[in-house]
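Working notes, beginning with the structure itself.
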Amino acid sequence: MKFSRSIFSHWRFIRPSGRNIFTHHSFGQTPQKDFSSYLNADNPISALLLTLRGGIPLRAHDFPSVLAACSSFPNLGRQVHTLMLKAAIHSQPVPATALLDMYSKCGHVEDALLIFDEMPVRDAVAWNALISCLVRHGLTSDAIAAFHSMVDDGIVFTGHTLCAVLKACASMRALRQGKQIHSWVVGNGYSSVVMGTALIDFYSSFGMIQDAMEVFTRLNCPKDVVVYNALVGGCIQNRQYKEAFTMLRNMRPNGITLTSALSACSELLNLSYGKQIHCVMIRRGFGSDVILCNALMDLYAKCGEITAAHLVFKLITEKNVVSWTCIIDAYGSHGHGTEALKLFRMMEERKCRDVTPNAVTFLAVLTACAHSGLVDEGRLCFFSMRDKYDIDPGPEHYACFIDLLGRAGRIEEAWDLYCGLSESANKLTPAVCVAMLNACRISMDLVKGEHVAKHLLYLDSDNPGSYVLVSNFYAAVGRWEGAEDLRKQMRGKGLKKEVGSSQIAVKGCS
DNA sequence: GTAGGGTTAG
């Protein structure tokens, strides 16, 4: 790919650090040496595994780092808890706080709270860990209550406390209280880059991007990539794309920055910036990153660059269900149904864990069949959802399949499906009715069509689009008086069909 | 031992 001028050309090549905690995982002949080297090399999981296999016991001060490494492995974490009980150090503030945090990060809130309850002495860090745990799990009012209890207990709160409370304020939509924290932070010299990030995130969540920018500008300490990302993300969430791209030009991005940048490109359908971000991804060693590649692939496909989308797909080393769904949808929505089906079969053949097709994948496959008129393939796929994958087809799958049958003139088969749905009211959605009505229009079936039309107008009586569709149906089958009557009903209700619109970036970013 | 950034497919 050639780019005349890159907006991101000065971004330097830096490989992301991706140290794997299992990298040094091999049990040598000298466990004692391995044990301490694992701990020294910050590879606590391997040290823990040696301990659990009857090796050297962990020392009291080893527990916090081992627990921190267990935050994605709850079963290991529980085993560490048992070791702590045996060593009678489970109630000491430092290891107990680490234990609380481990349970919190593993999603075991009840266990985390139990640890806190059983702590005989609770210092500020223990309280902070508790408040963070409550905020993390959406228990915001409990978090605020805990903050008050902490103060009541005479514990002096810290910057950590205020960051967690600020997050709670954002999710409770407590703007005034959050602003109070801001004033307090400024007045008492609690500013830091972390606090600044929390404040930027807080103001962004209220759409107050100017205030977020002011926090950033006034930040009187070295700015790191996280605080930049918070502001870039805030700008994008608040649709301030120009500001976001200006910031992007003046920073050194990491994977998270690029994720935000790609989401902005997708929102704007801006392929030019997308291609430049693609170059940066390659230069910075993110060329195979599954999340970034999926987003990029989708952008290429949305912009009609199907070959580029496929190239990106091929480069993903660990393709997930989203990657496969994306590429199937890319081909399918551009009328390449056979290619989409070929990819779907390749996906099925993989039979790997995590790459099993899901409901979204099936929708992509059905859409692909519908766009290319592949009736038999579509039918096979529709029925394999339940038979082979135990996925209950949703109304969107029915709508798509009925549409496919309707276009092929298979009105009776479509009707049978439609009638079968009448028993489950939640599946007979306006979209299903629209698909069935179209099928009736194509087959000029007045009786069935009138039945469907009636139901559509019952379900979607305030949607002008439904009246237009029904009116078009009557016109198509030659019932002009019916068509005119519908238009009159629509006018009588004061409904007006909105004019369709679409947009694509031609120059610049907005 | 506790705090800050994003999450991709319809």
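Note that the structure is predicted; figures quoted are calculated from it, not measured. Chain naming here is simple, since letters A, B, ... match the order of the sequence lines and numbering starts at 1 in each.
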Task: Residue A:Glu396, side-chain atoms from C-beta onward, closest of B:dG10, B:dT8, B:dA9 - done: B:dG10
- [ ] Report yes or no: does A:Ser71 contribute a side-chain atom to a donor-acceptor pair with the main-chain N or O of A:Leu67 at less than 3.5 Å?
- [x] no
Task: Any donor-acceptor N or O pair under 3.5 Å, side chains A:Ser104, A:Asp101 - done: no
- [ ] Specify the separation, in whole Å, of atom CE of A:Met281 and atom C1' of B:dG6.
- [x] 14 Å
Task: Quiz item: A:Asp123 side-chain donor-acceptor pair to B:dG1 base, under 3.5 Å - done: yes
Task: Between B:dG5 (C1') and A:Met251 (CE): distance, integer Å - done: 9 Å
TODO: In whole angstrom, give the distance that lies between atom CD1 of A:Ile256 and atom P of B:dG5.
DONE: 9 Å
TODO: Using a strict cut-off of less than 4.0 Å between a Lys/Arg side-chain nitrogen and an Asp/Glu carboxylate oxygen, indicate whether A:Asp153 and A:Arg122 qualify as a salt bridge.
DONE: no
TODO: Quick one: label A:Val232 by what it contacts on the DNA or RNA (base, sugar-phosphate, nothing), any heavy atom closer than 4.0 Å.
DONE: nothing
Open item on the list: Centroid separation under 6.0 Å, is that true for the rings of A:Phe382 and A:Phe362?
Closed with: no
Task: Between C1' of B:dG1 and CZ of A:Phe116, the distance in whole Å - done: 13 Å
Open item on the list: Whole angstroms only, please: what is the CG-P distance between A:Leu162 and B:dA3?
Closed with: 14 Å
TODO: Provide, to the nearest angstrom, the distance between the CE atom belonging to A:Met247 and the P atom belonging to B:dG6.
DONE: 14 Å
- [ ] Please state whether the phosphate of B:dG4, meaning OP1 or OP2, lies under 4.0 angstrom from any side-chain nitrogen or oxygen of A:Lys167.
- [x] yes
TODO: Indicate, with a heavy-atom threshold strictly under 4.0 Å, whether A:Arg136 touches base, sugar-phosphate, or nothing.
DONE: sugar-phosphate
Task: A:Gln237 side chain near B:dG6 phosphate (N/O to OP1/OP2, under 4.0 Å) - done: yes
- [ ] Compare the minimum distances between each of B:dT8, B:dG6, B:dT2 and the side chain of A:Val125, then state the nucleotide with the smallest one.
- [x] B:dT2
Task: A:Arg386/A:Asp390 ion pair, N-O < 4.0 Å - done: no
Open item on the list: Applying a 4.0 Å non-hydrogen cut-off, can you work out what A:Ala96 is touching in the nucleic acid: base, sugar-phosphate, or nothing?
Closed with: nothing
Open item on the list: Is the shortest side-chain heavy-atom distance between A:Tyr389 and A:Thr361 below 4.5 Å?
Closed with: no
Open item on the list: Heavy atoms only, 4.0 Å cut-off, all strands: where does A:Pro93 land among base, sugar-phosphate and nothing?
Closed with: base
TODO: Nearest whole angstrom, please: distance from the P of B:dA3 to the CE of A:Met150.
DONE: 13 Å
Open item on the list: As a test of reading the structure: which of B:dT7, B:dG5, B:dT2 is closest to the side chain of A:Lys105, going by heavy atoms?
Closed with: B:dT2
- [ ] Have a look at A:Gln92 and say if it touches a base, only the backbone sugar-phosphate, or nothing, with a 4.0 Å heavy-atom cut-off.
- [x] nothing
Task: Nearest-angstrom distance from the residue atom CE of A:Met297 to P of B:dA9 - done: 10 Å
Open item on the list: Let's see if you can work this out: which of B:dT7, B:dG4, B:dA3 has an atom nearest to the side-chain heavy atoms of A:Ser263?
Closed with: B:dT7
- [ ] Answer with yes or no whether A:Asp224 presents, from its side chain, a donor or acceptor under 3.5 Å of a partner atom in the base of B:dG4.
- [x] yes
